[in-house]
Amino acid sequence: FQRLRIIQVDSVRRWMDDLKLMTECE
Amino acid sequence: RAAQGRAYGNLGNTHYLLGNFSEAIAFHKERLAIAKEFGDKAAERRAYSNLGNAHIFLGKFDVSAEYYKKTLQLSRQLKDQAVEAQACYSLGNTYTLLRDYERAIDFHLKHLCIAQELGDRVGEGRAAWSLGNAYVSSGDHGKALGCARKHLEISQEIGDKN
């Protein structure tokens with residue numbers, strides 16, 4: 001998790017924020 | 001058995017949304033096994049995406065990349081361009097996390113091409129932003145500037161002040 005907290009690239013951080021709520025539904 | 005597969009998928013998604021990524025992975029693996037048993041390619045593809053996403057939050061970026069590649073392969077088989085674009089975008093970001101900028105750029109370019117083909121301006125803007133950042137990381141500031149200009153142009157067009 002430490003590795004995840006120090007992500008410097010804005011576009012990757014934004015992608016990961018969106019990803020948190022992204023599920024492929026059944 | 002088919003309903004069991006759907007239930008596993010829903011349990012995987014619920015654990016994921018709760019932040020229980022290891023549990024989510026266990027359920028999505030069960031879902032994947034049943035999808036394969038039935039030859040249900042769409043469900044198999046969804047399971048790969050969900051598995052790729054969950055591994056990101058465990059910091060297992062290399063494992064995510066392998067699952068996203070399987071998603072990409074199936075999206076092509078299923079001729080689903082929107083999913084193919086999504087898989088390329090995920091792979092671009094994952095390779096950026098892995099600091100493999102050459103591969104990241106390659107996938108962001110593929111994402112950009114599909115977004116342009118589909119007339120998806122939001123996707124195109126996101127691809128330009130991501131591509132620009134990958135070029136900066138790889139030291140190619142000239143190409144990064146071109147991407148930043150494209151990102152600005154699209155952001156203005158779609159009214160995205162942020």
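Here is how names work: the chains are called A, B, and so on, in the same order as the sequence lines, proteins then strands, and each is numbered from 1.
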Which heavy-atom pair separates B:Asn13 from A:Cys25 by the least distance, and what is that distance?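 Nearest pair, atom of B:Asn13 first, then A:Cys25: ND2-CA, 3.9 Å.
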To check you understand the geometry: which heavy-atom pair defines the closest contact between A:Met22 and B:Tyr16, and what is its length?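 Nearest pair, atom of A:Met22 first, then B:Tyr16: O-CE2, 3.5 Å.
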Is it the case that one hydrophobic cluster holds both [X] and [Y], taking links as side-chain heavy atoms less than 4.5 Å apart, direct or via other members?
X: B:Leu112; Y: B:Tyr95; result: no
X: B:Phe107; Y: B:Leu98; result: yes
X: B:Ile56; Y: B:Ile25; result: yes
X: B:Phe27; Y: B:Leu32; result: no
X: B:Phe21; Y: B:Leu11; result: no

Is B:Asn133 reaching over with its side chain to a backbone N or O of A:Val9, donor-acceptor style, under 3.5 angstrom?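 No; zero donor-acceptor contacts below 3.5 Å.
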Can you tell me if [atom1] on [X] sees more than 12 non-hydrogen neighbours from other groups inside 6.0 Å?
X: B:Lys69; atom1: NZ; result: yes
X: B:Arg103; atom1: CZ; result: no
X: B:Glu102; atom1: CD; result: no

What's the separation between atom [atom1] in [X] and atom [atom2] in [Y], rounded to the nearest 0.5 Å?
X: B:Thr94; Y: A:Met16; atom1: OG1; atom2: CE; value: 9.0 Å
X: B:Trp129; Y: A:Asp10; atom1: CH2; atom2: CG; value: 5.5 Å
X: A:Asp18; Y: B:Arg126; atom1: CG; atom2: CZ; value: 6.5 Å
X: A:Glu26; Y: B:Tyr8; atom1: CD; atom2: OH; value: 12.5 Å
X: A:Trp15; Y: B:Thr96; atom1: CH2; atom2: OG1; value: 9.0 Å
X: B:Tyr48; Y: A:Glu24; atom1: OH; atom2: CD; value: 14.0 Å

Under a 4.5 Å heavy-atom cut-off, does chain A meet the side chain of B:Ser130, its backbone, both or neither?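 When you check distances to chain A, atoms from both the backbone and side chain of B:Ser130 fall under 4.5 Å.
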Please state whether the side chain, the backbone, both or neither of B:Arg45 comes within less than 4.5 Å of a heavy atom of chain A.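 When you check distances to chain A, only side chain atoms of B:Arg45 fall under 4.5 Å.
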Only pairs of heavy atoms separated by less than 4.5 Å count here; which of B:Gly92, B:Ala7, B:Ser90 has the most with chain A?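 Maximum pair count with chain A is reached by B:Ser90.
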